[in-house]
Amino acid sequence: MLELKFIRENLELVKKAAKDKRFEADFDAIIRLDDERKSLILKVEDLKAKRNKATEEVARRKKAKENADELIAEMKKVGDDIKVLDEQLAQVEKNMNQVLLTVPNVPHPSVPDGSTPEDNQTIFTWGEAPKTDFEMKPHWDITQNLDLIDFVTGAKIAGSGFPVYKGYGAQLQRALINFFLDQAAINGYKEIQPPIVVNADSATGTGQLPDKEDQMYVVTRDEFYLIPTAEVPVTNIHRHSVLKAEQLPIKYAAYTPCFRREAGSYGKDVRGLNRLHQFDKVELVKFVHPGQSYDELESLRTDAEKLLQLLGLPYRVLLMCKGDMGFTQTKKYDLEVWSAGQKRWLEVSSCSNFEAFQARRMNIKFKSGNEKPEYVHTLNGSGLALPRIVAAIIENYQTDEGTVLVPKVLRRYMGVDVIKSH
RNA sequence: GGAGGAUUAGGCUAAUUGGUAAGUCAGCAGUCUUGAAAACUGCCGUCCGAAAGGACUUGGGGGUUCGAGUCCCUCAUCCUCCGCCA
């Protein structure tokens with residue numbers, strides 16, 4: 001959410017940003033509602049001031065055993081007027097809030113123009129695609145041959161997109177989770193285990209509600225949402241609070257399962273591990289001083305990249321263009337890993353700066369000494385999403401014998417060097 | 001799940017049984033001092049406002065009332081007890 005004042009003072013900038021990001025918002029309504037709001041506040045506060053004075057007078061007269069009936073009758077009327085105006089004001093503010101929630105965040109000046117994925121800039125590539133003299137297989141063949149992942153049984157138990165990991169498949173997942181969390185700890189992130197369901201307030205705070213309700217599984221009986229990412233519960237840790245400046249930056253790492261309905265997605269993208277309804281992810285979340293958020297974005301990206309380098313997986317970094325960036329971000333990098341069997345890039349992390357957009361929505365401030373509290377900047381990025389990493393490892397490290405070499409950094413977690421049929 | 005009690009600002013603690021949040025410690029700034037401490041002065045919940053000033057604020061949300069920290073309803077959290085349970 002952007003600040004009303006900011007929108008009014010930078011109307012053209014905000015309008016252009018919305019257009020560049022391909023979102024629509026009713027800016028005329030914002031101006032109109034704000035004018036209404038101001039005049040209502042003026043009226044109602046005036047009446048309240050009058051009432052406050054009068055009740056003091058009532059108290060004084062009562063104490064002096066004088067009669068105050070007339071004044072009380074008069075204030076009863078004023079009270080009714082206040083009630084009506086308060087209701088009008090609440091309605092106007094509610095409407096205003098709804099419109100404000102449709103105004104997207106303003107991209108950082110360093111973000112390239114463009115409206116399609118082709119306009120994203122590849123700013124860095126690392127590693128080389130493995131060269132073999134045999135035909136490299138996609139991971140779904142290998143995981144079936146080695147009995148690592150059972151998609152069919154998962155579909156029986158829950159539905160498609162809920163795979164069952166078995167044996168070394170399950171162990172590889174566990175190894176990756178431990179590896180990612182250990183690396184996060186080395187980089188100064190505190191480990192968090194949050195709830196994997198959230199209430200509506202939390203889902204609204206990070207922007208899942210109201211826009212992306214379709215993408216979440218809902219527990220209607222108890223009004224919970226299954227989290228689509230740990231970003232939701234972890235960012236909400238500090239909802240509605242004032243942090244001390246010395247606490248910043250706060251860095252959290254959380255492993256959780258993630259649940260996504262993926263409504264509307266279909267086609268060959270969904271094959272194997274590429275797109276699941278339930279998957280595991282380690283998410284990195286930061287709360288930082290506004291002056292440092294772009295440096296923190298770079299270091300967040302570096303932290304995520306380092307994981308790919310340690311795993312020896314070739315990848316590239318995309319700087320997302322304005323039109324492909326999403327509603328809440330000011331700047332976003334995607335990390336894509338090379339999938340040697342499918343011969344395509346798979347997104348395994350996106351690292352974003354939200355500036356104060358989420359903080360404003362969630363009311364997360366910081367203050368130093370007696371300074372006025374100020375909104376923090378929030379950032380997050382995956383570090384990393386598991387299934388596509390599993391896919392990339394299995395494909396990039398496959399041998400002509402049909403086995404899979406375990407990346408060196410994972411061997412002490414796995415206890416074996418090679419994944420073979422067992 | 002049931003019964004009882006509690007929740008006041010960063011911490012602690014008051015508030016005529018309904019009359020409009022008093023203090024204290026910590027913290028910050030200043031005066032004094034070679035420096036510090038002490039002492040003294042000011043600031044010390046949020047918002048609007050250039051200011052004067054005004055509005056809001058006693059765990060959250062509602063209600064009664066001219067007026068609610070105080071009375072009523074509801075939710076949350078904590079404590080005590082009962083029940084259930086891996």
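Convention: sequence-line order gives letters A, B, ...; per-chain numbering from 1.
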A.B. asks: Counting only Watson-Crick pairs (N1-N3 plus N6-O4 or O6-N4) and G-U wobbles (N1-O2, O6-N3), all under 3.5 Å, who is the partner of B:rU16?
C.D. replies: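 Pairing partner: none.
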
A.B. asks: Roughly how far apart, to the nearest Å, are B:rU24 and B:rG19 at atom P?
C.D. replies: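 Their P atoms lie roughly 23 Å apart.
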
A.B. asks: My understanding is that a pair needs two contacts under 3.5 Å, Watson-Crick or G-U wobble. By that rule, which nucleotide pairs with B:rG42?
C.D. replies: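 Partner of B:rG42: B:rC28.
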
A.B. asks: Mind listing the side-chain donor-acceptor pairs of residues 42-51 of chain A below 3.5 Å, one per line with the distance, residues two or more places apart or on another chain?
C.D. replies:
residue	atom	partner	partner atom	Å
A:Lys48	NZ	A:Asp86	OD1	3.4
A:Lys48	NZ	A:Asp86	OD2	3.4

A.B. asks: Under a 3.5 Å limit for both distances, which nucleotide forms a Watson-Crick or G-U wobble pair with B:rU64, could you say?
C.D. replies: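 In the structure as shown, B:rU64 has no Watson-Crick or wobble partner.
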
A.B. asks: Taking the chi torsion of B:rU17, is it syn (within 90° of 0) or anti (everything else)?
C.D. replies: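 Syn conformation here, the glycosidic angle of B:rU17 being no more than 90° from 0.
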
A.B. asks: How far, in whole Å, is B:rU16 from B:rC48 if one measures between their C1' atoms?
C.D. replies: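 Rounded to whole Å, the distance is 35 Å.
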
A.B. asks: Taking only the P atom of each, what is the distance from B:rA21 to B:rU70 in whole angstrom?
C.D. replies: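 The answer is 13 Å between these two P atoms.
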
A.B. asks: Starting from the C-alpha separation in whole Å, work towards a yes-or-no answer on salt bridge (charged side-chain N to carboxylate O under 4.0 Å, His left out) for A:Arg301 and A:Glu305.
C.D. replies: CA-CA 6 Å; A:Arg301 191 190 97 197; A:Glu305 281 186 49; 2.8 Å; yes

A.B. asks: Quote, to the nearest angstrom, the C1' distance that separates B:rG59 from B:rA76.
C.D. replies: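 So the two C1' atoms sit 8 Å from each other.
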
A.B. asks: Distance between the P atoms of B:rC28 and B:rC44, in whole angstroms?
C.D. replies: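 To the nearest whole Å, 16 Å.
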
A.B. asks: Tell me the partner of B:rU77, counting only Watson-Crick (N1-N3 plus N6-O4 or O6-N4) or G-U wobble (N1-O2 and O6-N3) with both under 3.5 Å; none if nothing fits.
C.D. replies: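 Check on B:rU77: paired to B:rA6, both distances under 3.5 Å.
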
A.B. asks: Are A:Tyr255 and A:Phe180, when compared by the centres of their aromatic rings, separated by less than 6.0 Å?
C.D. replies: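 Ring centres of A:Phe180 and A:Tyr255 not closer than 6.0 Å.
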
A.B. asks: With both distances under 3.5 angstrom, what nucleotide forms a Watson-Crick or G-U wobble pair with B:rA22?
C.D. replies: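 Result: none.
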
A.B. asks: If a pair satisfies side-chain hydrogen bond (donor to acceptor under 3.5 Å, both in side chains) and one of its residues is in residues 375-384 of chain A, list it, with sequence neighbours excluded.
C.D. replies: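 side-chain hydrogen bond (donor to acceptor under 3.5 Å, both in side chains) check on residues 375-384 of chain A returns A:Glu231-A:Asn380, A:Ser293-A:His377, A:Gln358-A:Thr378.
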
A.B. asks: Determine the Euclidean distance between corresponding C1' atoms of B:rA29 and B:rU77; express it in Å to zero decimal places.
C.D. replies: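 B:rU77 and B:rA29 have their C1' atoms separated by 37 Å.
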
A.B. asks: Which atom names give the shortest non-hydrogen contact between A:Lys16 and A:Lys322, and what distance separates them?
C.D. replies: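 Distance-wise, the nearest heavy atoms are NZ-NZ, 4.1 Å.
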
A.B. asks: Once each nucleotide of nucleotides 53-73 of chain B is scored for protein heavy atoms under 4.0 Å, what B/S/- sequence comes out, 5' to 3'?
C.D. replies: -SSS-------S-BS------

A.B. asks: If you compare all heavy atoms of A:Ile393 against all heavy atoms of A:Leu410, which two are closest, and at what distance to 0.1 Å?
C.D. replies: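 Smallest interatomic distance, heavy atoms only, reads CD1-CD1, 4.0 Å.
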
A.B. asks: When rounded to the nearest Å, what value does the distance between C1' atoms of B:rG11 and B:rG62 take?
C.D. replies: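 B:rG11 and B:rG62 have their C1' atoms separated by 31 Å.
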
A.B. asks: If I take atom CZ in residue A:Arg239 and atom P in nucleotide B:rA76, what distance separates them, rounded to the nearest angstrom?
C.D. replies: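 That distance rounds to 15 Å.
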
A.B. asks: Does B:rC85 have a Watson-Crick or wobble partner in any strand here, with both distances under 3.5 angstrom, and which is it?
C.D. replies: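 The answer is none; no pair meets the criterion.
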
A.B. asks: Does the structure show a Watson-Crick or G-U wobble partner for B:rU34, both distances under 3.5 Å? Name it, or say none.
C.D. replies: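 In the structure as shown, B:rU34 has no Watson-Crick or wobble partner.
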
A.B. asks: Given that both distances must come in under 3.5 Å, which nucleotide forms a Watson-Crick or G-U wobble pair with B:rU70?
C.D. replies: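 Check on B:rU70: unpaired, no WC or wobble geometry under 3.5 Å.
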
A.B. asks: Using the six-membered ring wherever Trp is involved, compare the ring planes of A:Tyr294 and A:His108 and label them parallel, tilted or perpendicular (cut-offs 30° and 60°).
C.D. replies: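 Aromatic pair A:Tyr294/A:His108 classed tilted.
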
A.B. asks: Whole-Å distance between B:rC48 P and A:Glu93 CD?
C.D. replies: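 These atoms are roughly 12 Å apart.
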
A.B. asks: In whole angstrom, give me the gap between the C1' atoms of B:rU8 and B:rU20.
C.D. replies: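 Nearest-Å result for B:rU8 against B:rU20 at atom C1': 15 Å.
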
A.B. asks: Can you check the A:Asn199 CG to B:rU77 P distance for me, whole Å?
C.D. replies: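 My rounded result for the distance is 11 Å.
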
A.B. asks: Please say which of A:Lys286, A:Glu283, A:His238 ends up in a side-chain hydrogen bond (donor to acceptor under 3.5 Å, both in side chains) with A:Tyr252.
C.D. replies: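 In the set A:Lys286, A:Glu283, A:His238, the residue that makes a side-chain hydrogen bond (donor to acceptor under 3.5 Å, both in side chains) with A:Tyr252 is A:His238.
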
